[in-house]
Amino acid sequence: MSRADLVSTCVLLLVAGHETTVNLIANGMLTLLRHPDVLGRLRHEPDLIIPLVEELLRYEPPVHFLANRSALEDIDIAGTIIPRRSPITLVLAAGSRDPGRFRDPDRFDPDRADNAHLGFGSGIHYCFGAPLARVEAQVALPALARRLVNPRLVTDPPTYRPNPVLRGPRHLLVDLDAVAPATDTATRERVHRPAHR
Ligand code: HEM
């Protein structure tokens, strides 16, 4: 790769991979604080985090829409023709709450079956960092659930960053009674141990 390719790839990875994951964790904590029953379950049901993160990506996705597409040819959608070369905006967040696809779409339900959301896009441009983003949220949210003692939202709704594409709070103000010490070495081992060991 040329130096310019390397620099632009680094910028892409930082931009695509940082604020998105920050927002997944912040949107996730906000949603859990609004659903204390699920937050309580997460403390005792470690496996819940896998479907929970998928449901967050459907219900409160960090990327709301993609505006940089155009039709390569005429596209017929239910009798409406989108002409070739028309600009297209894909509203992923709306697709992930499509009532024709998801039952009771505006309900946060980590036990939802068949949860094929659009949180990481779809097709040839499907998110390159999806496995990393999933692991980050799967580690961060249970750690916060275990260690924050009696967390309470100070402001609900929080102030959001003024970005229509990437949705997330500017800050998530939380009151708590204490921070419990980290005890879960099992999670750290599972995540950090190289696969060949
Ligand atoms: C929760 C966190 C994340 C979300 C919600 C997210 C979402 C998305 C979405 C919706 C796309 C599709 C864009 C399109 O079709 O134009 C995408 C693409 C991409 N993402 Fe992520 N992303 C996340 C984390 C990451 C991370 C951690 C990295 C890298 C370390 C990353 C790197 C990329 C790259 C390079 C692409 C472009 C793929 C391509 O065009 O072939 N993303 N992401």
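Small disclaimer: the values here were computed from a predicted structure and weren't measured.
Side chains of Leu90 and Ser122 form no contact here, defined as non-hydrogen atoms less than 4.5 Å apart. No side-chain heavy atom of Ile49 sits under 4.5 Å from any side-chain heavy atom of Val139. Taking the side chain as every heavy atom from C-beta outward, Val53 and Glu136 never approach each other to under 4.5 Å. Counting heavy atoms from C-beta on, the side chains of Asn115 and Pro51 never come closer than 4.5 Å. The shortest side-chain heavy-atom distance between Val174 and Met29 does not fall under the 4.5 Å cut-off. Side chains of His117 and Arg112 form no contact here, defined as non-hydrogen atoms less than 4.5 Å apart. Side-chain contact check for Leu166 versus Val63: some heavy-atom pair is nearer than 4.5 Å. By the 4.5 Å heavy-atom criterion applied to side chains, Arg146 and Pro142 are counted as neighbours.
Between Gly119 and Ser96, the shortest heavy-atom distance links the atoms N-OG, 4.2 Å. Across all their heavy atoms, Pro162 and Arg170 have their closest contact at CD-NH2, 3.5 Å. Looking at every heavy atom in both residues, Ala140 comes nearest to Ile25 through CB-CD1, 3.8 Å. Across all their heavy atoms, Pro158 and His171 have their closest contact at CB-O, 3.7 Å. In terms of heavy atoms, Ala71 sits closest to Ile82 at CB-CG2, 4.3 Å.
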Tell me, with the steps shown, if Leu32 and Leu144 meet side-chain contact (heavy atoms from CB on, under 4.5 Å). CA-CA 10 Å; Leu32 287 173; Leu144 289 166; over 6 Å; no
As a quick check of understanding, evaluate side-chain contact (heavy atoms from CB on, under 4.5 Å) for Ile81 and Asp76, giving each step before the final call. CA-CA 5 Å; Ile81 304 292; Asp76 181 348; 3.8 Å; yes
Between Asp109 and Glu55, does a side-chain contact (heavy atoms from CB on, under 4.5 Å) hold up when you go through it step by step? CA-CA 7 Å; Asp109 176 9; Glu55 177 66 347; 3.9 Å; yes
side-chain contact (heavy atoms from CB on, under 4.5 Å) between Leu56 and Leu141, worked out: CA-CA 11 Å; Leu56 282 174; Leu141 292 171; 3.6 Å; yes
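With values rounded to the nearest 0.5 angstrom, Glu60 atom CD is found 10.5 Å from Arg58 atom CZ. Taking CG of Leu118 as the reference point, atom CG of Leu66 lies at 9.5 Å (rounded to 0.5 Å). Here OH of Tyr59 is found 10.5 Å from CZ of Arg107. Values are rounded to the nearest 0.5 Å. Remark: Leu148 CG to Arg43 CZ distance equals 8.5 Å, nearest 0.5 Å. Note: Leu39 CG to Thr31 OG1 = 11.0 Å, rounded to the nearest 0.5 Å. Separating the OG1 atom in Thr9 from the CG atom in Leu14 is a distance of 12.5 Å, to the nearest 0.5 Å.
Linking Ile, Leu, Val, Met, Phe, Trp and Tyr residues whenever their side-chain heavy atoms come within less than 4.5 Å places Val91 and Val165 in a single cluster. The same ILVMFWY cluster, assembled from side-chain heavy atoms under 4.5 Å apart, contains both Leu153 and Val179. Both Tyr126 and Leu57 are assigned to one and the same hydrophobic cluster, defined by single-linkage of ILVMFWY side chains at heavy-atom distances under 4.5 Å. Follow the hydrophobic side-chain contacts under 4.5 Å out from Tyr160 and you never reach Leu173; the two are in separate clusters. There is a path of hydrophobic side-chain contacts, each under 4.5 Å, that joins Val38 to Leu42.
Looking at residues two or more places apart in sequence or on another chain, you find no ring pair (Phe, Tyr, Trp, His ring centres under 6.0 Å) involving Phe120. A search for salt bridge (charged side-chain N to carboxylate O under 4.0 Å, His left out) contacts involving Asp47 returns nothing, not counting sequence neighbours. Qualifying salt bridge (charged side-chain N to carboxylate O under 4.0 Å, His left out) partners for Asp98, counting only residues two or more places apart in sequence or in other chains: none. By the ring pair (Phe, Tyr, Trp, His ring centres under 6.0 Å) test, His35 is found to be paired with Phe108, residues two or more places apart in sequence or in another chain being considered. Not counting sequence neighbours, the partners of Ala93 by the side-chain contact (heavy atoms from CB on, under 4.5 Å) test are Pro61, His64.
Taking a 6.0 Å sphere around CG of Leu72, one finds it holds 12 or fewer heavy atoms contributed by other residues, nucleotides or ligands.
Side-chain atoms of Arg85 never come within 3.5 Å of backbone atoms of Pro83 as a donor-acceptor pair (strictly under, hydrogens ignored). Here the side chain of Arg84 pairs no donor or acceptor atom with the backbone of Asp74 at under 3.5 angstrom.
For residues 10-28, every residue pair satisfying the side chain to side chain donor-acceptor pair (under 3.5 Å) rule, not counting sequence neighbours, is listed here: Asn23-Arg161.
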